[in-house]
Visitor: 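One structure follows; several queries about it will come next.
Values below: every heavy atom of this structure, side chains too, minus hydrogens, waters and symmetry copies. By convention here, the first residue in the shown sequence is residue 1.
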Amino acid sequence: MATEAPCYTVVFEDTTESPSTQELRASLEKGSDEDRLDALRRIIVSTINGNPQPTLLMPIIQYIMPSKNKQLKKLLHFYWEVCPKYDENGKLKQEMILVVNAIRNDLQHPNEYIRGATLRFLQKISKDAELLEPLIPTCRSCLEHRHSYVRKNAVFAVYTIYREYEHLIPDAPELMQTFIAAESDATCKRNAFVFLAYCAMPKAVEWLISVYDQLTSLDELLQMSIIEVIRLDCKNDTTHRPRYIRCMFELLNSSSHAVKYEAATTLTTLTQNPAAVKAAASCFVNLVIKESDNNVKLIVLDRLDTLRSKHGHILDGLIMDVLQVLSSADMEVRRKAMSIILSMTSSRNVEEVVLFLKKQLQRTQEREFEKAPEYRQLLIQSIHVLAVKFSEVAANVVHALMEFLGDSNNPSALDVVAFVREVVEKFPHLRPSICDKLTQTLTEIKSGKTFRGVLWILGEYVEGLSDIQATFQEIRKVLGEIPILASEQRLLDEAGGDEEAKDEKKVEGSGRPKVLADGTYATETAYTSASSARLEAIKSASKPPLRALILGGDFFTGAVLASALTKLVLRFDGLTKDRPMANALRAESMLIMTSVIRVGQSKFVTVPIDEDSNERILNCIQTISELQETPVVHDIFLKDTKAAYSKMLVAQEKKAAEKKESESTQDHVVQVDDLLTFRQFSKKSADDPIDYVEDLGKATGAAEVREDFISNLSRISQLTGFSDPIYAEAYVKMHGFDILLDVLLVNQTPNTLQNLCLDFATLGDLKLVERPAVYTIAPHGFQSIKATIKVSSTETGVIFGSILWEGPALTECCVILNDIHIDIMDYIKPAYCTETQFRSMWTEFEWENRVNVSTNMSDPRDYLKHVMKSTNMSCLTPEGAMSGDCDFLSANMYARSLFGEDALANLSIEKTEAGIVGHVRIRSKTQGIALSLGDRITMSQKDNKPSI
């Protein structure tokens, strides 16, 4: 008898319409084939769910087993697999002798489908030696059947039996060796080869060497099995390694993409020879280009990236091939390929790469294909990275990219501005030509953000007298006639005429009559002011771009314009001795600034000017008007802003370098008594071998079980009281997407508790996987019961239940359990995203939970750390933005759940005499995670002395 019961899938059983045992017996005995199929299906589901119905075993043997219906036979195999085959003493039931006889008859059946299906069934009952032993001779005879379907299933049947009980077929390896030598069918050969690989590796290698010259002509499945055998054999010291390497080289030219991929992967584990690595990488690139499935493309690109990280510049020669991957339509594939391209680019090939990317950029402009704006943005960002990294190409690309400043796709234009700003700071010799090009493209810019970036660059880096004058001239073009208010008013007066300056015109509505509440009809009439209509016409008229933005209410751009003009005037005044010209520029700048303020307070703008922009422009006017009196302010405009940007660039480079260094030198912390593995003593002739068994263990967490006693104790929940007849406590353990409950029951009575059942129910996105069995507990005895609960989302869940058992005189006794609240923090992990991504998600997400701050803490930063610790969220706001002595603090936080759900939070607090006041706003796509995190923060605030 097997020591453990096999594991089956739990199938939902609808108990509302469950027929009785007598009804099922009647269906089996007298029903049609359809009725029998339905009855047998119900019996199988009932058996899987813990109700085997042993009284129906004989009716099934009597009425179902002799049937010739193939569906019934197939379903019968499922039943024999799940039904109890042993009695209470662990001995095989007498009825199973009849079953074995029927299986033997099916193994000798003239129909090859029935034979093959029965052989497949034998693999399912490979743990039951008593059932298998009488069937061995018949199973062996199936290896010589005329039909390949029977033979291939017979091979795997022998394999599973030999793997479990070697003594039943002791000569199986020799049998398979003879079989594979005489076999002509490819699938049968492959199955026999797999048998030899796992049960008799020397014989598998012997056969492989015998067919070495025919490898390329073999079937795809057999080639895959050969690669697997080579991988297994090379784990040990083998003399065939050179031959295996040549074999992998040949399989790189296979027609099957799967074989190519596996051969290339295995080749890199066998040797580090540059030619082999390059051949494998070239194979990966060809696979990405030819394969149509985007998921496969991403997997192969990941493998290529790993190869590149281990072998450095060996693959640099393939960069032009990798560039062809950008022709894919999927953006994820393009992004992954672009990251590999950027890491492979060196000073030797940068010019070719940049030329290719520029051509791609032109293509996105000429021919609009799918996702062109996103692809254009990716190309611009990539060229930005390359130009900053390799200064020799910066001059070639900066002018080409500035053509996209007027792009209707705002993110692309902003990326160009960021690129130009960094180039103009890092490469001073390019400043004159870049500034000249920027002034020429001012008329093409459409976006306010783009205008602000360009105006800042011009204000900081335009230095020559003639350049400043040229810049002023271009700014006049994009602003139009100055002063803005007077010119707009004149246009309004001209459009109105003298005779109807303030008249109102009545316009009769020409629609269907309106039905009033009392049922009568009325005609709608509209009154429009002629002057209002003319004002709207003036507003909607075509205007220069910067003027249109200011009249549209974008006064932030107006403030940036004022700042840029101030810098240009200050710089011009310091360079020239031509006072009349300097004064003329001063006067013009002040006129532009006052014009922006005045029009912002008029009826010509969609929204009035805000207080901040108004104050900022007034400061600029004051600075220009007091030109010689406040030299300190001059330094702020001319030096400090540029120095701040330079400092920001240095900080970004330092942060990127630290991140790269931390990725390359990861600390591995081990305990003092851990086993040491000396990898230095192993051969360094290849990459790490691929061990799928080990990988599977890591993926399922089986290889990383690290528990400490204290953390286990903290997860124990008491379910009943000490005075209850049964004391129960549960150890709650999170494992991936499962919650494992290990419940300990203690019988505190002097009586035996019979038919004890532990019933669980759940609230929230939790689902009980299987119902615990029925137990009998001796007086003062113990019983451990395990239950598994599936979690499907990050939402606060509750597990509740009861314990039921039979008391004296068959009365039902019950103890209600305490609720177990599931902590969602086990499913939320800190994560990072860019500011743009954060803002986009913040706008998109619907659910918001606002939690008011209530704490005894006095330091806002300490409270931020406390919230981050209690919610497992990471802070996206840079440390520099929160440093310094200030009573205000605003920070953005972000986390992701194991289910891919995003959680955003914004903390806005102020330090007052009464303590810290403010709120935390939490946003998410689903309601559950927003409410759960809000509850978590509220609970953490209840502690008067929270741990920091």
Visitor: Stepwise, does the salt bridge (Lys or Arg N to Asp or Glu O under 4.0 Å) test hold for Asp293 with Lys297?
Guide: CA-CA 6 Å; Asp293 190 334; Lys297 287 177 184 278; over 6 Å; no
Visitor: If we only count heavy atoms from C-beta on, is the Thr776 to Leu756 side-chain gap below 4.5 Å?
Guide: no
Visitor: Measure the shortest side-chain to side-chain distance between Thr752 and Pro779 over non-hydrogen atoms and say whether it is less than 4.5 angstrom.
Guide: yes
Visitor: Could you tell me the separation between the OH atom of Tyr244 and the CG atom of Leu267, rounded to the nearest 0.5 Å?
Guide: 14.5 Å
Visitor: Please assess Leu741 against Lys786 for the test side chain to side chain contact (heavy atoms under 4.5 Å, CB included), listing each intermediate value before the final yes or no.
Guide: CA-CA 6 Å; Leu741 293 181; Lys786 291 181 172 60; over 6 Å; no
Visitor: For the atom pair CD1 (Ile161) and CG (Leu132), what is the distance rounded to the nearest 0.5 Å?
Guide: 5.0 Å
Visitor: Would you call the rings of Tyr149 and His147 parallel, tilted or perpendicular, taking 30° and 60° as the class edges?
Guide: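 Perpendicular, since the angle between the ring planes exceeds 60°.
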Visitor: Looking at CG of Leu122 and OG1 of Thr160, how far apart are the two atoms once the value is rounded to the nearest 0.5 Å?
Guide: 7.5 Å
Visitor: Kindly indicate whether the side chain of Ile61, heavy atoms from C-beta on, has any atom under 4.5 Å from the side chain of Ile64.
Guide: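 They are not in contact (no side-chain heavy atoms under 4.5 Å apart), so the answer is no.
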Visitor: Testing the basics here: between Phe193 and Ala204, what is the closest heavy-atom pair and its distance to 0.1 Å?
Guide: CE1-O, 3.5 Å
Visitor: Is the number of heavy atoms from other residues, nucleotides or ligands under 6.0 Å of Phe249 CZ greater than 12?
Guide: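 Counting neighbours around CZ of Phe249, more than 12 heavy atoms of other residues, nucleotides or ligands fall under 6.0 Å, so yes.
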Visitor: Is the backbone of Thr266 close enough, under 3.5 Å, to the side chain of Thr269 for a donor and an acceptor to pair up by distance?
Guide: yes
Visitor: List the atom of Arg115, the atom of Cys142, and the distance in Å for their closest heavy-atom pair.
Guide: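 For Arg115 versus Cys142, the nearest heavy atoms are NH1-SG, 3.9 Å.
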Visitor: Starting at CE of Met96, measure out to NZ of Lys93 and round the result to the nearest 0.5 Å.
Guide: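 Met96 CE to Lys93 NZ: 8.5 Å, rounded to 0.5 Å.
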Visitor: Just checking, any donor-acceptor pair under 3.5 angstrom between side chains of Asp742 and Ser784?
Guide: yes
Visitor: Are the side chain of Ser254 and the backbone N or O of Leu251 linked by a donor-acceptor pair below 3.5 Å?
Guide: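 Such a contact is absent between Ser254 side chain and Leu251 backbone.
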Visitor: Answer yes or no: does atom CD of Glu133 have more than 12 heavy-atom neighbours from other residues, nucleotides or ligands under 6.0 Å?
Guide: no
Visitor: Do Glu220 and Ser256 get their side chains close enough for a donor-acceptor pair, meaning under 3.5 Å?
Guide: yes
Visitor: Think Arg163 forms a cation-pi with Tyr159, using NZ or CZ under 6.0 Å from the six-ring centre and within 45 degrees of its axis?
Guide: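 Yes, a cation-pi geometry holds between Arg163 and Tyr159.
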Visitor: What is the distance from atom CG of Leu40 to atom CG of Asp35, rounded to the nearest 0.5 Å?
Guide: 12.5 Å
Visitor: Side-chain contact test, heavy atoms from C-beta onward, threshold under 4.5 Å: evaluate it for Leu37 versus Gln71 and give yes or no.
Guide: yes
Visitor: Run the side chain to side chain contact (heavy atoms under 4.5 Å, CB included) check on Glu130 and Lys91 step by step: do they pass?
Guide: CA-CA 10 Å; Glu130 292 182 56; Lys91 294 183 178 179; over 6 Å; no
Visitor: Would you indicate whether Gln123, at its atom CD, is surrounded by more than 12 heavy atoms from other residues, nucleotides or ligands within a distance under 6.0 Å?
Guide: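 Yes, enclosed.
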Visitor: As a quick check of understanding, evaluate side chain to side chain contact (heavy atoms under 4.5 Å, CB included) for Cys757 and Trp805, giving each step before the final call.
Guide: CA-CA 6 Å; Cys757 178; Trp805 72 94; over 6 Å; no
Visitor: Is Thr306 reaching over with its side chain to a backbone N or O of Asp302, donor-acceptor style, under 3.5 angstrom?
Guide: yes
Visitor: Please evaluate residues Phe121 and Asp106 with respect to the criterion side chain to side chain contact (heavy atoms under 4.5 Å, CB included), reporting the C-alpha separation (whole Å), side-chain torsions for both, the decisive distance (0.1 Å), and the verdict.
Guide: CA-CA 11 Å; Phe121 162 66; Asp106 284 344; over 6 Å; no
Visitor: So which atom in Lys85 and which in Leu92 form the shortest heavy-atom distance, rounded to 0.1 Å?
Guide: O-CD1, 3.4 Å
Visitor: Using modelled atom types only, decide if a donor and an acceptor are shared between the side chain of Asn747 and the backbone of Ala778 within a distance under 3.5 Å.
Guide: yes
Visitor: In the structure I gave you, are the side-chain heavy atoms of Tyr162 and Pro173 within less than 4.5 Å of one another anywhere?
Guide: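 They are in side-chain contact.
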Visitor: Say whether, by atom type as modelled, one donor and one acceptor occur between the side chain of Thr47 and the main chain of Ile43 under 3.5 angstrom.
Guide: yes
Visitor: With the side chain counted from C-beta on, respond yes when Leu270 and Ile230 share a heavy-atom pair under 4.5 Å apart, and no when they do not.
Guide: yes
Visitor: Is the backbone N or O of Glu183 less than 3.5 Å from a side-chain atom of Arg151, with the two atoms forming a donor-acceptor pair by type?
Guide: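 Such a contact is absent between Arg151 side chain and Glu183 backbone.
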Visitor: Kindly give the heavy-atom pair with the smallest separation between Val194 and Ser225, and that separation in Å.
Guide: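 Looks like CG2-OG, 3.7 Å.
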Visitor: What pair of heavy atoms forms the shortest contact from Cys139 to Leu119, and how long is it?
Guide: SG-CD2, 3.9 Å
Visitor: Could you tell me which non-hydrogen atom of Arg25 sits nearest to which non-hydrogen atom of Thr55, and how far apart they are?
Guide: NH2-O, 3.5 Å
Visitor: Any salt bridge linking Asp171 with Arg140? Criterion: basic side-chain nitrogen under 4.0 Å from a carboxylate oxygen.
Guide: yes
Visitor: Taking only Lys NZ, Arg NE, NH1 and NH2, and the carboxylate oxygens of Asp or Glu, determine whether Asp185 and Lys189 approach each other closer than 4.0 Å.
Guide: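 No, Asp185 and Lys189 are not salt-bridged.
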Visitor: With ring centroids as reference points, do Phe195 and Phe179 lie under 6.0 angstrom apart?
Guide: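 No, ring centres 6.0 Å or more apart.
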Visitor: Hey, are the side chains of Lys733 and Ile739 touching, using non-hydrogen atoms and a 4.5 Å cut-off?
Guide: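 No. Closest side-chain heavy atoms not under 4.5 Å.
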Visitor: Could you tell me whether Lys124 atom NZ has more than 12 heavy atoms of other residues or ligands within 6.0 Å of it?
Guide: no
Visitor: State, with a plain yes or no, whether a side-chain heavy atom of Ile820 is found less than 4.5 Å away from one of Leu719.
Guide: yes
Visitor: Taking atom SG of Cys188 and atom CD1 of Ile180, what is their separation to the nearest 0.5 Å?
Guide: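 Atom-to-atom, Cys188:SG and Ile180:CD1 are 10.5 Å apart.
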